[in-house]
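Taking it in order: structure first as structure tokens, then the write-up.
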Amino acid sequence: MSTSQPSCKPVSASKLKGMLRRGALTHVVQISNNTCDGIYALGADPSSTSSPADSAPIPEIIATLLTEYKHLFEEPKGLPPRRAHDHQIPLLPGAQPVKSRPYRYTPQQKDEIERQVYDMLSRGIIQRSSSPFASPVLLVRKKDGQWRFCVDYRQLNELTVKNKHPLPVIDELLDELTGATVFTKLDLRSGYHQIRLAVGE
């Protein structure tokens with residue numbers, strides 16, 4: 001595969017609109033070379049100077065799209081819509097409910113867990129449950145110093161039927177990018193709250 005950088009090519013507004021309609025497009029990246037350069041972050045604050053990538057001026061065409069599709073970059077509120085294939089957790093035959101006791105937390109961690117739970121309840125992305133299943137919560141420190149809310153589902157995973165699908169060859173996927181000048185990146189920061197569980201799960 002060639003390692004030379006392809007030349008930048010302009011992208012029409014209609015094409016960018018199509019990308020936005022097809023999915024949660026959050027970034028448009030143009031590869032730098034002798035004639036053009038810049039990383040344009042969709043959804044980023046144009047006045048932000050937090051990184052060199054954000055210091056590049058945002059073209060008017062992209063700024064207009066940011067304004068038109070600003071709802072795509074908002075925090076999720078409420079549950080996502082029902083889709084043809086909602087998430088399911090198929091259990092092995094004869095599996096019994098998993099009931100794991102909570103971990104020990106410091107008072108500060110306990111307060112943070114309660115704060116995040118109340119926040120998710122108020123936004124409607126979780127609901128109160130009387131399920132016989134119970135898994136403990138972990139707090140993982142993020143790079144910015146905030147806490148990431150994680151649930152330890154290892155025992156539940158042991159009782160779950162595993163999905164087995166052939167994986168694509170990574171080298172072939174990279175070869176398909178040859179000559180590409182525009183790339184997209186999905187914002188998975190709230191990814192676990194964008195897929196709805198099937199009824200009865």
So that I can tick it off, tell me whether Lys110 and Glu114 are bridged by a salt bridge, with the cut-off set at under 4.0 angstrom between side-chain N and carboxylate O. yes

What are the two closest heavy atoms between Pro102 and Pro136, and how far apart are they? CA-CB, 4.1 Å

Does the side chain of Leu91 reach to within under 4.5 Å of the side chain of Thr160, using non-hydrogen atoms? yes

Leu121 versus Arg128, closest heavy-atom pair with distance: CD1-NH2, 3.9 Å

Same hydrophobic cluster for Val140 and Tyr103, using side-chain heavy-atom links shorter than 4.5 Å among ILVMFWY? no

Can you check whether Arg196 reaches Arg82 side chain to side chain, under 4.5 Å on heavy atoms? yes

Contact summary for Pro80 and Arg83, nearest pair of heavy atoms: CB-NH1, 3.9 Å

Would you call Phe149 and Val117 a side-chain contact if the rule is heavy atoms closer than 4.5 Å? yes

Heavy atoms, side chains only, cut-off 4.5 Å: are Trp147 and Arg141 in contact? yes

List the atom of Gln155, the atom of Ser100, and the distance in Å for their closest heavy-atom pair. NE2-OG, 3.0 Å

Minimum heavy-atom distance Ala198-Gln88, with the two atoms named: CB-CG, 3.7 Å

Under 3.5 Å, side chain of Asp111 to main-chain N/O of Gln108, donor-acceptor pair present? no

What is the distance from atom CD1 of Ile126 to atom CG of Leu79, rounded to the nearest 0.5 Å? 10.0 Å

Does Asp119 come within less than 4.0 Å of Arg123, counting only side-chain N to carboxylate O? yes

Given Glu158 and Val98, is the side-chain contact (heavy atoms from CB on, under 4.5 Å) satisfied, shown in steps? CA-CA 10 Å; Glu158 292 295 324; Val98 173; over 6 Å; no

Between Lys162 (side chain only) and Asn157 (backbone N and O only), is there a donor and an acceptor less than 3.5 Å apart? yes

Stepwise side-chain contact (heavy atoms from CB on, under 4.5 Å) test for Asp86 and Leu197: CA-CA 5 Å; Asp86 289 334; Leu197 283 172; over 6 Å; no

Show the numbers, then the answer: is there a side-chain contact (heavy atoms from CB on, under 4.5 Å) between Tyr105 and Leu139? CA-CA 9 Å; Tyr105 310 103; Leu139 288 178; 5.7 Å; no

